[in-house]
2 protein chains.
Amino acid sequence: MTFIGPSPTPSARDFVYTKLKSQILSLELPPGTALSEKESSLAFSVSRTPVRESFLRLAQEGLVQVLPQRGTFVSLIDPELVEEARFMREQLEKAVIRLACESFPSDKLEELRGNLKEQQESMARKDDLRLFELDEIYHRTLFEGCGKLNTWAVIQQMNVHLNRTRLLRLVSDHQWNHLYEQHETMVQAIEAHDAGLAESTMQEHLLLSVKDQVVLREKFPHYFK
Amino acid sequence: MTFIGPSPTPSARDFVYTKLKSQILSLELPPGTALSEKESSLAFSVSRTPVRESFLRLAQEGLVQVLPQRGTFVSLIDPELVEEARFMREQLEKAVIRLACESFPSDKLEELRGNLKEQQESMARKDDLRLFELDEIYHRTLFEGCGKLNTWAVIQQMNVHLNRTRLLRLVSDHQWNHLYEQHETMVQAIEAHDAGLAESTMQEHLLLSVKDQVVLREKFPHYFK
DNA sequence: ACTACCACACTTGTATGGTAGTATGGAACT
DNA sequence: AGTTCCATACTACCATACAAGTGTGGTAGT
């Protein structure tokens, strides 16, 4: 439920925060890594203050753990937390697509169709990065059309815990086709006001995101709690 | 999705944060109020650092708004945000009580029954404050029994936006009886594995929480966005 | 060899001074 | 009178110094 007014001039704090967050999510800073205000401040050429404030924010999001007078560490991945994040997203997305089946503004529906078209193009170009973005925009548009953008923001925040288990490399090779079909099915379900179909498709759709965690857990058991 | 390791020795930051938060939620600091690092630091007899860090945390939770070089202000109540918080809570609570109807550990069921009994006693004593706590514990126990404590934590965080519109005074006089009956019905539904009954009762149950907002909005329109 | 202890090198927590951007009120000008 | 401009008193942002707790390795004593 966080609303960030993006500063017109990016502050040092935001810079450090963004950088650290991306490093943590990409596992460039693996779980368990010790951080230090001083060290990071040197690395980023800023003072301890913005670094410290970034640490605090990351701690609130559960990405790092601050132990007073002892140190700050990248959080281990908590499988329970990951599962619950998935659970929450599932419930909220299902509820929203049910709403969408009742009524959905036509301009947003148009956006969804345009998005689908671009997905096809990107699949042809094997542009995985763009596909990833389009997937996100697709879901965002769904929430936007239902007037539930704040809910989407909450989901985004929970997603960080899912993202750390989602290795982009692994995703790239498999089943964009399958995902695309589901996206298309859901749009059709909305048009047909078929809430049952929409909901079950969404459920399957979101289940695909859990597979990577198993792989990661076998490969790096010490990343997990 | 935030996890705060409560410090063994309460830090100045936590003290200031807790105090400010409670003042904001109780409307003692009404929406729109201008805050200032310096002023608060004097009021709490600490330096500006812990105050500043509290401001940032409150900003992330959406309770204050920090405008660089201009000031920090208690956020206006955003009706959309309040409605979505209610929406999310409804979806998640309904999903959880459905799970509870499939299976629920007997010791937690015992806790729920004990809670109900204490609710009766508190109603007899007209102990509204305790009833408020018991209501919260009741719902928490539901999530605990389903292994969804992190989800409960998320709900708690969204609740701050609902709480600012829930005037404790107003709540006190009406319908504890009604709420209690719903609590009892839900426990029975869990025992009977009647997901339909449980879900619809929960939905009604949560709808009761919106009424105060209307009153508040008529009385203090300038508190709202 | 083993243990108790202590100095030291870390860590984060707190206090404070300086910087730059913003709002405001009054003076000077039209 | 109305408008423009500027000094001034704010604001949050950042840098830095100091305080206080923690872990560790070496040393002295047994």
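Keep in mind that the numbers below use all heavy atoms, side chains included, and drop hydrogens, waters and symmetry copies. A note on names: the letters A, B, ... follow the listed sequences, proteins ahead of strands, and every chain is numbered from 1.
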(Q) Between the base of C:dT12 and the side chain of A:Q69, is there a donor and acceptor pair under 3.5 angstrom? (A) yes
Q: Check whether any side-chain N or O of A:T49 sits under 4.0 Å from OP1 or OP2 of D:dT16, and answer yes or no.
A: no
Q) Taking CG from A:D14 and C1' from D:dA12, how many angstroms apart are they, rounded to a whole number? A) 13 Å
Q | B:E37 CD to C:dT14 C1', straight-line distance once rounded to whole Å | A | 14 Å
Q | Counter-base of C:dC5, judged by Watson-Crick or G-U geometry with both distances under 3.5 Å | A | D:dG26
Q: Using atom CZ of A:F44 as one end and atom P of D:dC14 as the other, report the distance to the nearest whole Å.
A: 14 Å
Q) What integer distance in Å separates A:K38:NZ from D:dT22:P? A) 20 Å
Q) C:dT11 P sits how many Å from A:L42 CG, rounded? A) 10 Å
Q) For A:V46 and A:R70, take the nucleotide of DNA chain D holding the closest heavy atom to each; which residue's nucleotide lies nearer the 5' end? A) A:V46
**Q.** Short N-O contact, B:R140 and B:E144, less than 4.0 angstrom
**A.** yes
Q) Which part of the nucleic acid, if any, lies within contact of A:L56, taking any heavy atom under 4.0 Å across all strands shown: a base, the sugar-phosphate backbone alone, or nothing? A) nothing
Q) What is the distance from CZ of B:R13 to P of C:dT14, rounded to the nearest Å? A) 6 Å
**Q.** Most 5' of B:R48 and B:E53 on DNA chain C, judged by nearest nucleotide
**A.** B:E53
Q: May I ask you to establish whether B:K19 and B:F44 are in a cation-pi arrangement, using a distance under 6.0 Å from NZ or CZ to the six-membered ring centre and at most 45° from the ring axis?
A: no
Q: Rounded to the nearest angstrom, tell me the gap between atom CD in B:Q65 and atom P in D:dA12.
A: 13 Å
Q) When the distance from CD of A:E39 to C1' of C:dA9 is rounded to whole Å, what number comes out? A) 15 Å
Q: Look at the side chain of A:R52 and decide which nucleotide, out of C:dA23, D:dA12, C:dT14, has an atom nearest to it.
A: C:dT14
(Q) Under 4.0 Å, heavy atoms only, any strand: does B:S36 hit a base, just the sugar-phosphate, or nothing? (A) sugar-phosphate
(Q) Please pick, from C:dA15, D:dC14, D:dA12, the nucleotide with the shortest atom-to-atom distance to any side-chain atom of B:P50. (A) C:dA15
Q: Can you establish whether the number of heavy atoms outside A:E133 located under 6.0 Å from its atom CD is more than 12?
A: yes
Q: Identify whether any heavy atom of A:S41 sits under 4.0 Å from a base atom; if not, whether one sits that close to sugar-phosphate; answer base, sugar-phosphate or nothing.
A: nothing
(Q) Side chain of B:S47 only, heavy atoms from C-beta on: which candidate in D:dA15, C:dA15, D:dA12 is closest? (A) C:dA15
Q.
Can you tell me how far apart CD (A:E53) and CG (A:L58) are? Round to the nearest 0.5 Å.
A. 12.0 Å
Q) Tell me, do B:M202 and B:L142 make a side-chain contact under 4.5 Å, heavy atoms counted? A) yes
